[in-house]
Amino acid sequence: GQQLNQSPQSMFIQEGEDVSMNCTSSSIFNTWLWYKQDPGEGPVLLIALYKAGELTSNGRLTAQFGITRKDSFLNISASIPSDVGIYFCAGHPPGQFYFGTGTSLTVIP
Amino acid sequence: DVKVTQSSRYLVKRTGEKVFLECVQDMDHENMFWYRQDPGLGLRLIYFSYDVKMKEKGDIPEGYSVSREKKERFSLILESASTNQTSMYLCASGKGAHRNQPQHFGDGTRLSIL
């Protein structure tokens with residue numbers, strides 16, 4: 001199946017720092033999604049992107065649909081302890097959705 | 001808010017047993033999905049369904065089957081459970097004809113096969 005490369009795999013940051021993570025694919029996608037998964041819970045949708053170049057914010061989170069349509073970025077500003085979790089990207093080629101392997105974020109108070 | 005409910009959060013079964021995982025969504029979504037989640041491998045699609053009584057294989061269907069008799073319910077069946085099916089299983093649903101609509105997930109079932 002389709003492979004999405006998500007990086008970094010893990011991050012350890014101080015509270016208040018900004019965070020950046022990204023996903024790349026080998027083919028063009030029509031949709032990019034970003035999810036967060038808390039321990040023991042299912043993934044929760046954070047942001048959905050449908051157009052190349054689109055930049056969308058959700059509170060302190062901002063995500064962008066890359067203009068090549070092969071990548072997407074998620075930024076978290078001024079991190080807080082509750083940002084801890086695993087962040088997944090998902091892309092839709094069309095066909096089915098494919099998921100990245102996740103970025104594990106630890107925020108140190 | 002979309003609610004996707006998986007019947008069990010934790011389940012322990014024995015090798016060779018037939019195992020049923022149930023998923024119900026309350027938003028009248030056409031599309032439903034079953035994934036398994038393993039460390040380092042991310043989410044892998046097992047089966048999906050775009051309509052009642054319809055099913056399609058995902059990337060890793062071997063050893064699994066599904067049933068969609070009603071729109072709101074999508075069941076995953078492990079025909080004869082094996083230890084390599086120990087995993088976190090996630091059900092998701094999504095809206096409509098435009099299949100690029102976001103999927104909404106349940107809280108998962110952590111299944112252990114002994």
Side-chain angles (χ1 to χ4, degrees), chain A residues 1-10 21-25 27-52 54 56 58 61 63 65 69 72 74 85-104, chain B residues 1-11 21 23-25 27 29 31-50 55-62 87-111:
Chain A
Q2 177 69 251
Q3 293 294 321
L4 289 188
N5 296 310
Q6 185 171 350
S7 65
Q9 283 190 335
S10 61
M21 59 190 79
N22 70 84
C23 268
T24 59
S25 83
S27 57
I28 289 173
F29 281 1
N30 293 332
T31 301
W32 283 98
L33 308 174
W34 285 93
Y35 289 87
K36 183 193 177 197
Q37 186 175 24
D38 291 326
E41 308 285 330
V44 173
L45 181 69
L46 299 173
I47 294 176
L49 303 160
Y50 297 103
K51 200 164 63 173
E54 182 179 354
T56 298
N58 178 4
L61 277 62
F65 194 140
R69 296 171 65 192
S72 180
L74 176 70
I86 301 177
Y87 292 80
F88 290 98
C89 62
H92 190 270
Q96 62 188 59
F97 275 104
Y98 295 93
F99 289 82
T101 51
T103 295
S104 175
Chain B
D1 272 357
V2 175
K3 184 70 175 173
V4 179
T5 303
Q6 294 184 230
S7 54
S8 305
R9 293 294 296 270
Y10 301 94
L11 206 52
L21 302 183
C23 176
V24 177
Q25 51 95 4
M27 285 302 291
H29 283 169
N31 311 323
M32 297 189 75
F33 308 83
W34 274 106
Y35 295 88
R36 62 178 283 177
Q37 183 178 28
D38 300 288
L41 297 177
L43 276 72
R44 293 181 291 167
L45 182 63
I46 304 171
Y47 267 96
F48 58 102
S49 170
Y50 289 143
K55 59 186 177 185
E56 289 191 35
K57 293 179 180 179
D59 295 320
I60 52 163
E62 295 78 20
S87 187
M88 170 74 123
Y89 289 86
L90 288 163
C91 174
S93 75
K95 194 174 176 180
H98 300 289
R99 294 172 183 171
N100 64 338
Q101 291 299 301
Q103 295 176 20
H104 300 271
F105 288 85
D107 283 336
T109 295
R110 190 166 290 282
L111 175 65

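Sequence lines set the chain letters: A, B, ... in the order given, protein chains first and strands last, and positions in each chain run from 1. This structure is a prediction, so every number in the text was calculated from the model and none was measured.
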* Determine whether more than 12 heavy atoms belonging to other residues, nucleotides or ligands lie under 6.0 Å from atom CD of E41(A). => yes
* **Closest-packed option against chain B by number of heavy-atom pairs under 4.5 Å, given G40(A), P43(A), A48(A)** => P43(A)
* Heavy-atom distance under 4.5 Å to chain B: side chain of Q6(A), backbone, both or neither? -> neither
* Using 30° and 60° as the class limits, which term best fits the ring planes of F99(A) and F105(B): parallel, tilted or perpendicular? -> perpendicular
* Asked: Quick one: does S49(B)'s side chain have a donor or acceptor within less than 3.5 Å of a partner on M32(B)'s backbone?
  -> no
If I measure from the heavy atoms of chain A, does [X] come under 4.5 Å with its side chain, its backbone, both, or neither?
X      : value
Q6(B)  : neither
R9(B)  : side chain
L43(B) : both

* To do: Side-chain contact test, heavy atoms from C-beta onward, threshold under 4.5 Å: evaluate it for T103(A) versus L74(A) and give yes or no.
  => no
* To do: Looking only at non-hydrogen atoms, find the nearest pair between N31(B) and K95(B) and report the distance.
  => ND2-O, 3.3 Å
* Asked: Looking at P102(B), G108(B), G106(B), G42(B), which makes the most heavy-atom pairs under 4.5 Å with chain A?
  -> P102(B)
